[in-house]
Amino acid sequence: MWFKNNNHQDSNNILALQTLLSQYEAIFNSTEDAVFLIQVDEEKEFVFLQTNKSHQIKTGITPEMINNKSPQELLGNELGDLDANNYKRCVKERKKIEYKETLDLPAGRRTWKTTLTPVEINEKVQYIVGIAYDITEQEHYIQQLKQTNEKLNAVLETSPDGIAIIDVLGNFKFASEKIAEMLGLKKRDANTLIGKNIRDYISQKSLQQLKDNMSLLLQKGSFDKPNVYEFVTGENEIRFSEVKSKIIKGDDSQVEGILVIARDITERLAIEKEKESNRFKYQVLFESSPSGILLIDENGTILDANSSFLKISGYEKSNLIGKHCSVLSKEDDQNPITDNIKRILNGEHLIHEVTNIRKDGSEIHLLLNERLINLFDNQKAILSISNDITEIKEKDRKLKESELLFRTITDYSFDWTYLI
C-alpha cells in the first residue's frame, strides 16, 4: 500500500485511508505524472511515504532515497525548508495548492509545477498527495517567447516601418505605433485601429489598386515588389506609403491574416520630384548651351557631352561616352591631363587652354573652364566647359606675323619709315 502504520493509528482510520487510496491505486501506478505521498508526521512534520514509477524515472530518485525521509533529508536544509513551507501551507489552508520550483535531481536540473492535495481523516490532515508536472520545456519555450517578444517590441519601437496585420477583408488585427503615426494618430492610439478597415485610410485614387492587389495577394501569397498607395490621414493630408505584404497561414494552411509592412515615402517622393525637375532643367541648359560641355568622372572617363561639344569636335556621342578624355587631346608637358584632374578633384577651379584633335584629325584650340560638381546621384564629376578659340588664335597668329613682317621691312629698309 501507499502508507505504513508508523503511529499505530486506529484500525478504523487505517481502513478508511486504505479505502480512499485504493480508489486511486490504478491511477497512481499508471499515470505519466510524477506522484508522491507524504505523511504528516508530528515529529519530523513531513515524511515521504511512496512515489510512483513515473516519479522515479523522471526524477532519478529511487524509493530507497526518498521513502521515510523528510524534505530536508532528501533535498538539503535550504530547498527542503522551501518545500516544507509549501506542505505547511497546504495543511494550514486545507485545500489544494500549486507552486513551481526548479530542482537539481539525479535525473538532471528540471522545472516542476507541483500540485498538493490534503487528505483529511477525522478532521485532521494526515496525508498530502503530490503530483509534479515536468514543465522544463514549457518554461524554456515561455522564456524564448518572452525574449522573442522583447526583440519584436524593440524592432517595432525602432523600425522606420509601420507593421500591421489585417484580415482578408482589410480589418486591422494589429497595428504598431508607427502605423498610427503614419495615419495621423498618436502612438498611444495604435490600439484604436483594431477592428477598423484599412480602406478607410486609402485615397479614392488608390482604392481600386488596393482591391485588385488584395485579390492577387490571396492567389500568390506575396508580391515580388512593394506597392505604393496614397493614404489619407485624419487631417485629410495625402501621404504616400511603400507597402510590402505577405499572407500569414496557420498550421492548417488556412489564411489567418495579411502581414503589412509600410514605409512613409512622402518626403522621399518630394525630393525625387524636385531632383527630376532639376534634372530636367539641367538637361535643357546642358543641351541648349552654345558652349561645349563635357562631364568627366574621377578617372577621366567621359560621362556625357552636349550637342555643342559634339559639333566642335566632330564626334558622335557614342564615340565618346565611356572613353578616356585623352582621346580628345594628347597628354604632354603642355597638357598634363592627369595632374589637372587631381587638381580639380582637390577643389581647384581651372581655366586653361588646350589643343584638341577633331575626329577628322584637325586641330582645334579650346579655352576650358573646369571645376568639380556633384551629380544628382551624389557622384562626383568634372564639369568641363569649352569655347572654341581657334579663329581667335589664328587671327592672333596672323597679327603677330604681320607685326614681324612690318618690323623686318622697317628695320632693314634704306629709307626712313614713319608711322604717323
Side-chain angles (χ1 to χ4, degrees), residues 224-226 228 265 268-402:
D224 298 330
K225 296 180 180 179
V228 176
I265 59 170
R268 192 184 84 188
L269 290 180
I271 292 172
E272 289 178 355
K273 185 177 181 180
E274 184 179 356
K275 279 186 176 181
E276 191 59 35
S277 175
N278 290 338
R279 191 192 303 273
F280 175 75
K281 293 176 184 176
Y282 157 80
Q283 197 63 35
V284 170
L285 293 173
F286 183 80
E287 287 299 333
S288 60
S289 173
S291 299
I293 302 177
L294 279 181
L295 284 179
I296 303 168
D297 71 10
E298 298 173 274
N299 298 314
T301 302
I302 298 173
L303 301 175
D304 202 359
N306 72 345
S307 301
S308 295
F309 185 85
L310 297 176
K311 184 177 180 180
I312 291 171
S313 64
Y315 282 94
E316 298 290 333
K317 184 175 288 194
S318 58
N319 300 135
L320 293 179
I321 305 302
K323 301 291 180 60
H324 194 272
C325 59
S326 58
V327 300
L328 297 170
S329 179
K330 182 179 179 181
E331 182 166 15
D332 52 28
D333 293 339
Q334 300 299 319
N335 185 28
I337 296 176
T338 303
D339 185 59
N340 285 344
I341 290 175
K342 289 181 180 179
R343 291 171 61 187
I344 295 170
L345 294 177
N346 287 329
E348 286 193 51
H349 183 184
L350 299 186
I351 299 176
H352 58 109
E353 294 182 13
V354 296
T355 301
N356 277 13
I357 306 299
R358 291 191 180 96
K359 186 178 181 182
D360 61 9
S362 60
E363 290 186 349
I364 179 174
H365 300 284
L366 301 176
L367 178 64
L368 301 185
N369 188 331
E370 299 180 310
R371 58 178 297 179
L372 185 66
I373 63 169
N374 286 320
L375 299 180
F376 297 103
D377 55 2
N378 291 324
Q379 179 185 1
K380 290 184 177 181
I382 296 172
L383 176 67
S384 179
I385 301 176
S386 55
N387 287 291
D388 187 353
I389 58 172
T390 305
E391 187 175 339
I392 296 175
K393 294 287 286 185
E394 182 63 21
K395 288 181 178 178
D396 185 56
R397 184 186 65 80
K398 289 181 178 180
L399 178 60
K400 288 181 179 179
E401 287 181 353
S402 176

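Start at 1 with the first residue, then count along the sequence.
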Taking the side chain as everything from C-beta on, heavy atoms only, tell me whether [X] gets closer than 4.5 Å to [Y].
X: Leu295; Y: Ile373; value: yes
X: Glu370; Y: His352; value: yes
X: Leu303; Y: Ile296; value: no
X: Leu328; Y: Ile302; value: yes
X: Leu368; Y: Leu350; value: no
X: Leu294; Y: Cys325; value: no
X: Glu287; Y: Ile293; value: no

Handout entry: Over 12 non-hydrogen atoms of neighbours within 6.0 angstrom of CZ in Arg371
Key =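 Not buried by this count: 12 neighbours or fewer within 6.0 Å.
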
Practice task
Tell me, yes or no, whether the heavy-atom count around Lys311 atom NZ, taken from other residues, nucleotides or ligands under 6.0 Å, exceeds 12.
Solution key: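 Not buried by this count: 12 neighbours or fewer within 6.0 Å.
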
Which heavy atom in [X] sits nearest to a heavy atom in [Y], and how many Å separate them?
X: Tyr315; Y: Ile357; result: CE1-O, 4.0 Å
X: Asp304; Y: Ile321; result: CA-CD1, 3.4 Å
X: Leu310; Y: Glu316; result: CD2-C, 3.9 Å
X: His365; Y: Thr390; result: N-OG1, 2.8 Å
X: Ser291; Y: Ser308; result: O-CB, 3.4 Å
X: Ser288; Y: Val284; result: OG-O, 2.6 Å

Separation between [atom1] of [X] and [atom2] of [Y], rounded to the nearest 0.5 Å:
X: Leu345; Y: Asn340; atom1: CG; atom2: CG; answer: 11.0 Å
X: His324; Y: Ile337; atom1: NE2; atom2: CD1; answer: 7.0 Å
X: Phe309; Y: Ile385; atom1: CZ; atom2: CD1; answer: 12.5 Å
X: Asn356; Y: Leu366; atom1: CG; atom2: CG; answer: 4.5 Å
X: Asn335; Y: Ser329; atom1: CG; atom2: OG; answer: 3.5 Å
X: Leu372; Y: Ile344; atom1: CG; atom2: CD1; answer: 8.5 Å

Can any side-chain N or O of [X] pair as donor or acceptor with the backbone N or O of [Y] at less than 3.5 Å?
X: Asn299; Y: Thr301; result: no
X: Asn306; Y: Phe286; result: yes
X: Arg358; Y: Ser313; result: no

Practice task
Would you please test Gln379 and Asn374 for side chain to side chain contact (heavy atoms under 4.5 Å, CB included) and show each step?
Solution key: CA-CA 6 Å; Gln379 179 185 1; Asn374 286 320; over 6 Å; no

Exercise for the section: Could you tell me which residues satisfy side-chain hydrogen bond (donor to acceptor under 3.5 Å, both in side chains) with Glu353, sequence neighbours excluded, listed by chain and number? Expected result: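 Partners of Glu353 by the side-chain hydrogen bond (donor to acceptor under 3.5 Å, both in side chains) criterion, ordered by chain and then number, come out as Lys393.
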
Problem - Listed partners of Glu331 passing salt bridge (charged side-chain N to carboxylate O under 4.0 Å, His left out), at least two apart - result: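 Partners of Glu331 under the salt bridge (charged side-chain N to carboxylate O under 4.0 Å, His left out) test: none.
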
Exercise for the section: Using the side-chain contact (heavy atoms from CB on, under 4.5 Å) rule, pick out the option among Asp339, Asn346, Ile341 that qualifies with Arg343. Expected result: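 Going through Asp339, Asn346, Ile341 one by one, the side-chain contact (heavy atoms from CB on, under 4.5 Å) with Arg343 is satisfied by Asp339 alone.
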
